[in-house]
Amino acid sequence: MNIRKLLDSHVSQALQLAGVEAGTPALIKPSSRPEFGDYQANGIIGAAKKLNMNPRELASTVLNHLDLSAIAEKVEIAGPGFLNIYLDSRWLAQQAESALESESLGIHKTTTPQTVVIDYSSPNLAKEMHVGHLRSTIIGDAVARVLELLGDTVIRQNHVGDWGTQFGMLLTYMNELEGDTQSLSMQLADLEKFYQAAKQRFDSDADFARAARENVVKLQAGDPEFLKRWKQFIDISLQHCDEIYQRLNVLLTRDDVMPESAYNSALSQVVMDLDQAGLLIEDQGAKCVFLDQFKGKDNTIVPMIVQKSDGGYLYATTDLAALRYRYQQLGMTRGLYFIDARQSLHMQQVFAVGKQAGFVPENVQLEHMAFGTMMGEDGTPFKTRSGGTVKLVDLLDEAQQRAFVLVTEKNPQLDEATRHHIARVVGIGAVKYSDLSKNRTSDYRFNWDAMLSFEGNTAPYLQYAYTRIQSIFRKAGQFNPDIPLLFQEPAERQLALKLLQFSEAIESVAKDGAPNLLCNYLFELSGLFMHFYEVCPIIKAEEKIKHSRLKLSALTANTLQTGLGLLGIDVLETM
RNA sequence: GCGCUUGUAGCUCAACCGGAUAGAGCAUCGGCCUUCUAAGCCGAGGGUUGCAGGUUCGAUUCCUGCCAAGCGUGCCA
């Protein structure tokens with residue numbers, strides 16, 4: 001049940017009957033203030049203007065054609081020509097009842113399912129995952145889950161970087177440590193340090209650097225010795241990723257890994273096809289594509305270089321190959337790229353060139369879901385005191401540790417294993433939520449305390465609401481769902497209305513690729529529940545009231561669990 | 001130079017794509033645990049939405065200019 005859509009179809013119809021051109025939006029929204037009812041229609045004023053009519057008169061005509069008697073208690077004309085809609089409480093109660101029974105919480109599958117390819121996480125395997133990878137990984141994962149729930153076919157693509165020049169350096173350093181197997185495996189346990197050690201050798205030793213460059217060539221020429229070594233390294237690096245994904249409760253597996261190197265054999269064909277399409281221009285020895293839409297005021301075009309003057313290919317070439325693969329082999333109709341905002345120009349070029357060249361048809365929706373760079377607490381690019389980036393593992397360890405201290409303080413009677421379990425769910429949840437709840441395309445500041453906060457608008461707040469409900473059910477005895485839902489206090493009706501808006505939140509996430517909309521919704525829902533919890537006693541209420549309230553609690557719990565589940569965050573029985 | 005993004009309360013962020021009196025959290029201050037978990041609830045203070053114009057019934061939102069920040073911009077990814 002999507003109330004907004006339902007009202008939209010009714011009001012749109014009435015608008016047409018009132019003589020307004022078809023397709024004029026009714027602009028239904030939740031009312032901005034309680035005294036304006038539950039929903040408001042904002043579209044009439046604009047429509048009246050087009051027809052050169054008095055908006056209030058048009059509103060009155062629309063009202064005559066509008067039959068909401070089954071849904072709304074009253075509809076009023078207000079202000080310059082808004083319609084304020086007051087939903088019927090009995091209807092609301094019925095909808096809530098059926099949502100509770102429906103198992104899917106009343107969420108309908110989309111009528112136009114798509115094949116959505118989602119490119120997310122995509123770390124560079126030369127290094128260990130750091131805090132900068134958090135956004136792409138968890139936001140992409142949440143959106144993937146939401147689209148799946150709504151019935152799209154979702155294909156995850158972890159476009160890991162496994163083929164850069166850094167690998168020459170890393171493999172050469174592996175060679176050096178070859179004799180000492182123990183040292184090698186130990187060092188590979190911390191890829192970040194390994195990378196830094198290799199880098200230092202590269203910078204300080206000319207012979208090493210030369211060997212590294214030669215080894216890149218050997219690797220790319222398919223030298224079996226280096227290929228073997230490379231595979232070994234990649235495998236270890238992917239193991240690091242798998243561990244992180246598991247801890248983060250992110251659904252990516254090895255099956256979703258489609259590395260850069262997988263496209264190597266397609267690159268020359270990409271360039272040939274661009275040439276065939278008449279898009280290729282050789283300029284200063286490099287093969288480029290110049291598209292007019294990338295021309296600035298200074299009349300110069302930013303080209304996309306697809307082949308270097310030395311014959312080498314670039315990541316633009318790889319991305320074009322991937323784009324074509326996703327359309328031709330995977331059947332993509334919508335492509336979402338959860339990638340750093342700094343690559344904005346690059347993404348626009350890939351999309352534009354891909355369509356121009358006919359690698360994907362015009363009607364495939366390609367969207368760069370950009371996000372800002374993570375900055376340190378001082379506003380400069382994120383660094384630790386020692387100068388390296390913060391490893392994701394360390395952030396997660398810290399989160400769990402802080403959560404463990406807190407749960408031990410609050411609930412010392414719980415056994416240690418339980419407290420560790422709670423600490424894990426709460427700690428990881430807090431880290432994920434602090435990132436998921438923001439949809440800033442601008443850069444943002446990393447803050448330990450904010451990211452590891454367990455109060456206010458955080459995952460633990462939502463998890464806490466859930467455990468409160470579970471606690472009620474443990475104490476309430478038999479729950480009889482046959483007793484009908486009734487609203488005695490305003491808090492109950494408010495909560496029910498919010499519960500019925502779950503699908504509106506979900507659908508907006510699917511449309512915009514913005515999980516923060518779901519976070520907002522869940523936080524508001526929890527807030528309304530907390531209020532309900534304070535003012536509406538449940539267990540000691542008389543039987544009819546008690547079971548009605550248990551019903552609201554059950555639906556709240558289901559919604560929280562499902563909603564958090566879509567964010568990849570678990571719930572708890574106690575905390 | 002050109003291009004992209006951003007600028008909202010002391011701090012971190014919302015505001016459902018032009019709607020009615022710009023909302024939360026943190027921090028600060030004041031109340032609430034013999035009653036379902038106080039990781040909670042109730043209340044208070046805090047704003048010229050960077051600045052200046054424009055578009056219209058109506059602008060945080062759209063347009064223009066300026067200021068500030070970040071990023072990108074022909075052979076790294």
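Every chain is numbered from 1 and lettered A, B, ... according to where its sequence line falls, protein lines coming before strand lines. Note that the structure is a prediction, hence the values are computed from the model and not measured.
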Fill in: B:A39 pyrimidine/purine six-ring stacking with A:Y461, under 5.5 Å and 30°
no
Discussion item. By the 4.0 Å heavy-atom rule, please label A:A286 as base, sugar-phosphate, or nothing.
Written reply: base
Discussion item. Classify A:T574 by what it touches in the nucleic acid, base, sugar-phosphate, or nothing, heavy-atom distance under 4.0 Å.
Written reply: base
Worksheet item: For the base of B:C36, is there a side-chain donor-acceptor partner from A:R468 under 3.5 Å away?
Response: no
Worksheet item: What stems involve RNA chain B, if each pair must be Watson-Crick or G-U and both of its distances must be under 3.5 Å, with 3 or more such pairs in a row?
Response: B:1-7 with B:67-73, B:10-13 with B:23-26, B:28-32 with B:40-44, B:50-54 with B:62-66
Practice prompt. Determine, using ring centers only, whether A:Y263 and A:H159 are less than 6.0 Å apart.
Written response: yes
Practice prompt. Please measure how far the P atom in B:A22 lies from the corresponding atom in B:U5, and state the result in whole Å.
Written response: 28 Å
Worksheet item: Counting side-chain heavy atoms from CB outward, which of B:C4, B:C76, B:G19 is closest to A:S344?
Response: B:C4
Discussion item. Is A:F294 stacked against the base of B:G3, taking the criterion as centroid distance under 5.5 angstrom and interplanar angle under 30°?
Written reply: no
Worksheet, complete the sentence: Sorted by position of nearest nucleotide on RNA chain B, 5' first, the leading residue of A:K511 and A:N124 is A:K511
Worksheet item: So, A:Y337 versus A:F351, ring centres under 6.0 angstrom or not?
Response: yes
Item to complete: Could you tell me whether A:C536 contacts a base, only the sugar-phosphate backbone, or nothing, with contacts defined as non-hydrogen atoms closer than 4.0 Å?
Response: base
Item to complete: Ignoring hydrogens and angles, tell me if any N or O in the side chain of A:K475 forms a donor-acceptor pair with the backbone of A:S471 under 3.5 Å.
Response: no
Discussion item. Quick check on B:C2: is either OP1 or OP2 less than 4.0 Å from any side-chain nitrogen or oxygen of A:K297?
Written reply: no
Item to complete: Taking atom C1' in both B:U56 and B:C63, compute the distance separating them and give it to the nearest angstrom.
Response: 13 Å
Item to complete: Determine the Euclidean distance between corresponding P atoms of B:A9 and B:G40; express it in Å to zero decimal places.
Response: 25 Å
Worksheet item: By salt bridge (Lys or Arg N to Asp or Glu O under 4.0 Å), which residues pair with A:K432, not counting sequence neighbours?
Response: none
Practice prompt. Taking atom CD of A:Q478 as the centre, report whether more than 12 heavy atoms of other residues, nucleotides or ligands fall under 6.0 Å from it.
Written response: no
Response to the item:
Residue pair A:K540/A:Q40 against RNA chain B: nearer the 5' end by closest nucleotide is A:Q40
Discussion item. Can you say whether a donor on the side chain of A:R342 sits under 3.5 Å from an acceptor on the base of B:U5, or the other way round?
Written reply: no
Discussion item. Quick check on B:C33: syn or anti? Syn means the glycosidic torsion is within 90 degrees of zero.
Written reply: syn
Practice prompt. With heavy atoms under 4.0 Å as the rule, sort A:L27 into base, sugar-phosphate or nothing.
Written response: nothing
Worksheet item: Between A:Q349 and A:L291, is a side chain to side chain contact (heavy atoms under 4.5 Å, CB included) present by the stated rule, with each step listed?
Response: CA-CA 8 Å; A:Q349 287 184 317; A:L291 291 186; over 6 Å; no
Item to complete: Assign A:Q463 to base, sugar-phosphate, or nothing according to its heavy-atom contacts below 4.0 angstrom with the strands shown.
Response: nothing
Practice prompt. For nucleotides B:G74 and B:G19, find the distance between their C1' atoms and express it as a whole number of Å.
Written response: 48 Å
